[in-house]
Amino acid sequence: MIRARVIVASNRAAAGVYADTSGPLLVAGLRDLGCEVDEPVVVPDGAPVGEALRAARDEGVDVVLTSGGTGVTPTDRTPEVTRALLDYEIPGIAEAIRAYSRDAVPTAALSRGLAGVAGRMLVVNLPGSRGGAKDGLAVLGPILRHTVDQLRGGDH
């Protein structure tokens, strides 16, 4: 069983200004892929994202999808806090997600989301939109199980 977690980086959703909609979509998508996943963790962007990622790593979670904080506004800090925790990046995943979305949503090219490994945990930053969540799941679906197997020491 793959243990997964969704971390939503949203200052406004964390403050209760509005309800996040991308997180529940990601949880449902991960469950459809056979993952064990609780409800999304909603935190403000920046340092709280790093704290939530460290907690997931320390708890032995296999996969974390973050939603939000990947754009170019001054408050979008998710890639920076993620990079600080990664042992190494897997640029092909982030590139594939941007490429998947780019033709339909040209602004997908502005996403600075990363993908990489912290310990034995796969971390993928996704845009905070429902469309970004769906596109991320479409790209991850065919490779998720194999990636986790590899991180657990599986053979090619």
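Given the structure is predicted, the values throughout are model-derived calculations rather than measurements.
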Just jot down the side-chain contact (heavy atoms from CB on, under 4.5 Å) partners of [X], sequence neighbours excluded, or say none.
| X | result |
| --- | --- |
| P48 | V43, P44 |
| R145 | I2 |
| A56 | R5, V61, V64, M121 |

Any side-chain heavy atom of [X] within less than 4.5 Å of one from [Y]?
| X | Y | value |
| --- | --- | --- |
| D20 | S10 | no |
| R77 | V49 | no |
| S67 | I7 | no |
| L137 | L126 | no |
| T82 | L53 | yes |

What pairs with [X] under salt bridge (charged side-chain N to carboxylate O under 4.0 Å, His left out), at least two apart in sequence or on another chain?
| X | result |
| --- | --- |
| D62 | R152 |
| R3 | none |
| R12 | none |

> What residues, two or more places apart in sequence or in another chain, satisfy side-chain hydrogen bond (donor to acceptor under 3.5 Å, both in side chains) together with R120?
Replying inline: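 With sequence neighbours excluded, R120 shows a side-chain hydrogen bond (donor to acceptor under 3.5 Å, both in side chains) to no residue whatsoever.
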>> List the residues meeting side-chain hydrogen bond (donor to acceptor under 3.5 Å, both in side chains) with T75, not counting sequence neighbours, and say none if there are none.
In response: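 If we apply the side-chain hydrogen bond (donor to acceptor under 3.5 Å, both in side chains) test to T75, skipping adjacent residues, the hits are T73.
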Give every residue pair that meets the side-chain hydrogen bond (donor to acceptor under 3.5 Å, both in side chains) criterion with at least one member in [range], sequence neighbours excluded.
| range | result |
| --- | --- |
| residues 43-57 | D45-T78 |
| residues 30-43 | R31-E39 |
| residues 92-102 | S101-D135 |

> For the atom pair CD (Q150) and CD1 (I143), what is the distance rounded to the nearest 0.5 Å?
Replying inline: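 Going from the CD atom of Q150 to the CD1 atom of I143 covers 11.5 Å.
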> Could you state the interatomic distance from CD1 (I93) to CG (L122), rounded to the nearest 0.5 Å?
Replying inline: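 Answer rounded to 0.5 Å: 5.0 Å.
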> If you link I, L, V, M, F, W and Y whenever their side-chain heavy atoms are under 4.5 Å apart, who else ends up in the same group as V17?
Replying inline: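 Listed partners: Y18.
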Looking at every non-hydrogen atom in both residues, tell me the closest pair between [X] and [Y] and how far apart they are.
| X | Y | answer |
| --- | --- | --- |
| S129 | G132 | OG-N, 2.8 Å |
| G50 | V81 | N-CG2, 4.0 Å |
| L144 | C35 | CD2-SG, 3.9 Å |
| T70 | P127 | OG1-CA, 3.6 Å |
| L25 | A133 | CD2-CB, 3.8 Å |

>> As a quick check of understanding, evaluate side chain to side chain donor-acceptor pair (under 3.5 Å) for N125 and T66, giving each step before the final call.
In response: CA-CA 5 Å; N125 299 152; T66 69; 2.9 Å; yes
